[in-house]
Each structure stands twice: as C-alpha cells, then as structure tokens.
Colleague: 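Below is a structure I'd like to ask you about.
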There are 2 protein chains.
Amino acid sequence: MPDIKHFDPDAALETVVRLFWRQGVASTGIQDVVTATGINRSSLYATFGGKQELYLAALRRYLELRSQPMFRRLAEDERGLPAISEFFGALIEARCSGEYARWGCMVSNAHAGAENSDPEVRAVLDRHHQELRDAMYASLVTAGRQGQLSAGADPGASADLLALLAYGVNLRSRAGADAATLRRTVAAALDSIGVRAAA
Amino acid sequence: MPDIKHFDPDAALETVVRLFWRQGVASTGIQDVVTATGINRSSLYATFGGKQELYLAALRRYLELRSQPMFRRLAEDERGLPAISEFFGALIEARCSGEYARWGCMVSNAHAGAENSDPEVRAVLDRHHQELRDAMYASLVTAGRQGQLSAGADPGASADLLALLAYGVNLRSRAGADAATLRRTVAAALDSIGVRAAA
DNA sequence: ACCATCCTGAAATGAGGATTCCAAGATACT
DNA sequence: AGTATCTTGGAATCCTCATTTCAGGATGGT
C-alpha cells in the first residue's frame with residue numbers, strides 16, 4: 001500500500017560513516033549529511049531518527065563492518081606472531097595511504113570527543129576495546145603454543161599493550177605520522193614480546 | 001592614559017584550557033567561555049582574538065605548563081627505567097583520578113578532532129610528539145648506560161613505542177579504562193624492554 | 001480506477017553559534 | 001580638571017544548527 005523508499009538506507013549509512021569518521025560528529029552538520037547522501041531531510045529523519053541516533057548507527061556500522069572483520073581474522077589466524085604483524089601492517093597501510101588516509105579510526109576518534117559521554121556510545125567503545133584485546137590475546141596464546149613467545153611474556157599483559165599500541169597508531173596517523181616509523185615501532189614491540197628474530 | 005584590564009588574562013586562559021580540554025573545541029561555545037571566566041565578550045575578543053586563536057593559545061599553554069614540565073623531568077632524571085616507570089605512574093594517576101580524571105590529554109584529544117587540520121594546531125601536535133619521544137629516548141639512553149636494557153633493545157624504536165603507548169593510555173583513560181589495568185600494561189611494556197626484573 | 005499509506009521536497013521554526021558595535025565608564029598623564 | 005585612550009557591558013548582527021511541518025506525489029493492494 002505505501003510508497004517505497006527512493007534510496008538505499010545501507011548505502012546512505014555508509015556515506016554517513018565516512019562523514020563522521022573523517023570530520024567527527026561535532027563538526028558535521030545534518031546539512032552535510034543531506035548534501036553527501038542526496039537524501040532529503042525528511043527521509044533522513046524518518047529513516048534514522050535524529051543526529052545522535054544517526055551517529056550511533058554509523059558508529060555501530062563502523063565497528064561491525066570495519067573493525068570486527070579485522071579482529072576476527074586476527075583471532076582465527078593460526079600463525080601466531082606473524083598474524084599480529086600482518087594485522088598491524090594492514091592497519092598502518094589503511095591509516096596512512098589510500099582512500100581513508102589520515103582519517104584515523106572512527107572508534108579511536110570517538111574516545112577523544114565529547115560524544116563519549118553518551119552511555120550508548122561508551123558501550124560501543126568498550127565493546128571495541130574488549131574485542132580488539134581478545135583478538136590480540138587469542139593470537140598471542142596461539143603464538144605461545146607454537147613457542148614463539150619469550151620466556152617471561154604474559155599473553156594477557158601483552159594483549160593489553162598491543163591494543164593500546166593500536167590506539168596510538170590510530171591517533172598519530174591522523175596527525176600525519178610517517179608510515180615507516182610506525183612500522184618500525186610495531187616491529188620493535190613485537191620483537192620485544194617474541195623470542196628474538198621471531199617476528 | 002588608558003584604562004587597565006579588570007581581569008587576569010593568565011587565570012582566564014587557564015580556565016579556558018580546562019574547558020577545551022574537557023569538552024573539546026567543537027563542543028565549547030564562546031558563551032561557555034564567557035560564563036566560566038566571567039569575562040565579557042568584548043574583553044575576550046580584544047584580548048585573545050577569535051575562537052580559533054583562543055583555542056591555539058589554550059593548546060600552547062597546555063603544552064608548556066602541563067606536558068613540557070613532565071617531559072623535562074623525565075629527560076633529566078638520571079635513574080633510567082625507574083624514571084620512565086614513574087612517568088607513566090604519574091600519568092595514569094592524573095588521567096584516572098583527581099580533578100582531571102577522565103579528561104584524557106588535551107593534545108591527544110586534538111589528534112582525533114577536526115581541529116587537527118589547522119596547520120598551527122598540527123604544529124603543536126608534532127612538537128608535543130617530538131618532545132615526548134625525545135624525553136623517552138633520553139631516559140632510555142640513560143638506562144642503557146646503566147645496563148638496564150636487554151641486549152636486543154633499540155632505544156630509538158623503544159622510545160617510539162613508549163610514546164605511542166602514552167597516547168593509548170590517554171585515549172583509553174578518557175573512556176573509563178581501569179587504572180590498575182593500565183598500570184599492569186605499562187609494567188609489562190617496560191619489563192619487555194629492560195633486563196628481566198629491572199623495572 | 002480507487003484510496004489508504006507512506007515518501008518526498010522545500011520551507012518554516014526556533015534555538016544557539018561566532019562576531020561586531022557602540023555608548024558609558026575607568027584610567028593616568030598633562 | 002581635562003582629555004586621549006583603553007576597557008567594559010550588553011544589545012545587535014548575521015549565520016548555521018537540528019528539527020518539524022505540510023502539501024503534493026508515488027505506490028500497491030483491492
């Protein structure tokens with residue numbers, strides 16, 4: 001009976017993700033969204049609700065479609081330290097070159113803004129951190145099983161360390177950090193965790 | 001001949017630092033500044049210029065009065081690894097409890113926002129990073145002179161790593177990260193750099 | 001062909017944003 | 001005391017913000 005939507009909500013939300021990702025929620029107006037998506041204001045509000053709900057939907061989409069696939073791949077990779085090395089390699093590549101260069105990570109960016117005081121946003125942030133850390137942990141346990149870890153290394157603390165390192169990479173890359181330096185830093189971190197010359 | 005200022009620009013700027021630090025520049029209005037400082041709009045603009053100049057002045061003040069003293073203390077401390085450990089201890093303490101708990105670091109926060117596209121802001125960010133890294137490096141060289149570093153450790157790469165770790169601590173603490181976990185993570189990082197049981 | 005139902009476009013709303021203007025007040029030197 | 005010079009308070013400006021409203025258009029089941 002009713003009329004049908006004249007646009008694809010999924011494609012629209014992807015466009016919104018990129019807007020909020022690059023500029024942050026506080027610096028992005030609804031007008032920017034209207035212009036970028038080509039959707040009318042009314043349809044926008046009818047489909048997604050207000051700006052806060054739109055941001056939340058975009059943040060959740062980022063977590064699900066951008067972060068979690070990387071986490072899963074890392075956690076399920078059976079190679080141990082090389083998997084972690086590859087994870088960081090891909091991260092630095094994505095942060096420093098290509099379409100999203102210098103955008104940082106949408107979730108990391110959310111940590112620093114005023115949006116993190118919203119409980120629902122905070123929940124996404126915590127979930128992101130938990131899953132990142134857990135993926136690191138799983139990969140480190142795999143590495144340990146294969147004798148890749150140095151004697152004193154604690155997988156739990158190392159997972160925390162590597163997770164925090166990822167946030168550091170995300171932040172500094174947004175301000176123009178050199179990819180080669182970031183790679184060298186990550187290599188040193190992995191080298192200090194693993195048995196010498198394992199990474 | 002002229003009338004004299006009826007307020008203390010230095011105290012006012014300190015108030016502004018705290019506003020921008022906590023809420024970010026995009027979420028802080030000039031009205032907020034007027035209310036918090038008690039200064040009139042006209043005097044504000046006559047003294048500091050517009051919002052962007054005010055933010056820059058606040059950011060530079062933060063770097064000079066909050067960051068640099070910590071960096072200097074670290075660089076000049078002759079104890080080596082214990083100095084680095086103490087630096088992170090004080091950092092985590094400041095980020096997780098007391099007056100500025102959950103505010104993060106104003107410079108780290110600036111990395112994630114849209115303000116980082118301003119070249120003058122970017123310059124402050126780069127300067128902050130350079131000085132943080134250099135202080136770490138100096139302290140690591142001191143540690144190396146005293147035989148506190150493990151055989152394969154490279155002071156340069158380790159300095160990069162610890163600097164990025166600090167950004168991670170700043171970010172995650174703003175989203176409510178547990179102080180004990182952060183301490184444990186830092187301890188593990190230092191442990192992996194130093195000779196066993198040195199930190 | 002009808003019509004209830006939803007979608008769309010553009011304008012309207014009202015709050016809040018940064019910035020400027022100006023009259024009135026305060027200052028310190030002559 | 002007079003006056004040039006600066007500060008101050010508060011209103012005024014103009015723009016952008018998020019959100020709502022509503023008339024008209026499109027849809028698909030009957």
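Naming: A, B, ... by sequence-line order, numbering from 1 per chain.
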Colleague: Nearest whole angstrom, please: distance from the P of C:dG17 to the OH of B:Tyr45.
Modeller: 11 Å
Colleague: Please give, in whole Å, the distance from C:dC7 P to A:Leu44 CG?
Modeller: 13 Å
Colleague: Using the side-chain contact (heavy atoms from CB on, under 4.5 Å) definition, which of the options B:Asp178, B:Val169, B:Leu182 pairs with B:Cys96?
Modeller: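 Of the listed residues B:Asp178, B:Val169, B:Leu182, the side-chain contact (heavy atoms from CB on, under 4.5 Å) partner of B:Cys96 is B:Leu182.
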Colleague: B:Asn40 side chain: which of C:dA11, D:dG9, D:dT5 is closest?
Modeller: D:dG9
Colleague: What class does the angle between the rings of B:Trp21 and B:Tyr100 fall in, given that below 30° is parallel, 30 to 60° is tilted and above 60° is perpendicular?
Modeller: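 Geometry flag for B:Tyr100 against B:Trp21: parallel rings.
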Colleague: What I want to check is whether an N or O donor and acceptor connect the side chain of B:Ser42 with the base of D:dG10 at under 3.5 Å.
Modeller: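 Yes, a donor-acceptor pair under 3.5 Å.
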Colleague: Can you tell me how far the CZ atom of B:Arg22 sits from the OG1 atom of B:Thr28, to the nearest 0.5 Å?
Modeller: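 One finds 8.5 Å between CZ of B:Arg22 and OG1 of B:Thr28.
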Colleague: Would you mind classifying the nucleic acid contact of A:Thr28 as base, sugar-phosphate or nothing, using non-hydrogen atoms under 4.0 angstrom?
Modeller: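 Sugar-phosphate, backbone atoms only, no base.
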Colleague: Distance check needed: D:dT19 C1' versus A:Gln31 CD, whole Å only.
Modeller: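 Spelled out: CD on A:Gln31 to C1' on D:dT19 is 13 Å.
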Colleague: Please figure out whether A:Gly38 or B:His6 has its closest DNA chain C nucleotide nearer the 5' end.
Modeller: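 Looking at DNA chain C, the more 5' nearest nucleotide goes with A:Gly38.
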Colleague: What's the closest nucleotide to the B:Ile30 side chain, out of C:dT19, C:dT8, D:dT8?
Modeller: C:dT19
Colleague: Roughly how far apart are B:Arg18 CZ and B:Leu13 CG, rounded to 0.5 Å?
Modeller: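 That separation rounds to 11.5 Å.
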Colleague: Atom CD1 of B:Ile39 to atom P of D:dT7: distance rounded to whole Å?
Modeller: 12 Å
Colleague: Take atom CZ of A:Phe48 and atom P of C:dC7, then tell me their distance rounded to the nearest Å.
Modeller: 12 Å
Colleague: Less than 4.0 angstrom between a side-chain N/O of A:Ser43 and OP1 or OP2 of C:dC7, yes or no?
Modeller: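 No, A:Ser43 has no side-chain N/O under 4.0 Å of OP1/OP2 on C:dC7.
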Colleague: Tell me the interatomic distance from B:Phe7, atom CZ, to D:dT7, atom P, rounded to whole angstroms.
Modeller: 8 Å
Colleague: For B:Arg41 and C:dA18, what is the distance between atoms CZ and P respectively, to the nearest whole Å?
Modeller: 9 Å
Colleague: Would you mind checking if B:Arg72 and B:Glu76 are paired as a salt bridge, meaning a charged N to carboxylate O distance below 4.0 Å?
Modeller: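 Not counted as a salt bridge, because no side-chain N and carboxylate O are separated by less than 4.0 Å.
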Colleague: Could you say whether A:Lys5 or B:Gln52 is positioned toward the 5' end of DNA chain C, judged by the nucleotide with the nearest heavy atom to each?
Modeller: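 Residue closer to the 5' terminus by nearest nucleotide: A:Lys5.
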Colleague: Check the distance between D:dT27's P and A:Asp3's CG and give it to me in whole angstrom.
Modeller: 6 Å
Colleague: Nearest to the side chain of B:Pro2, heavy atoms from C-beta on, is which of C:dT8, C:dT20, D:dC6?
Modeller: D:dC6
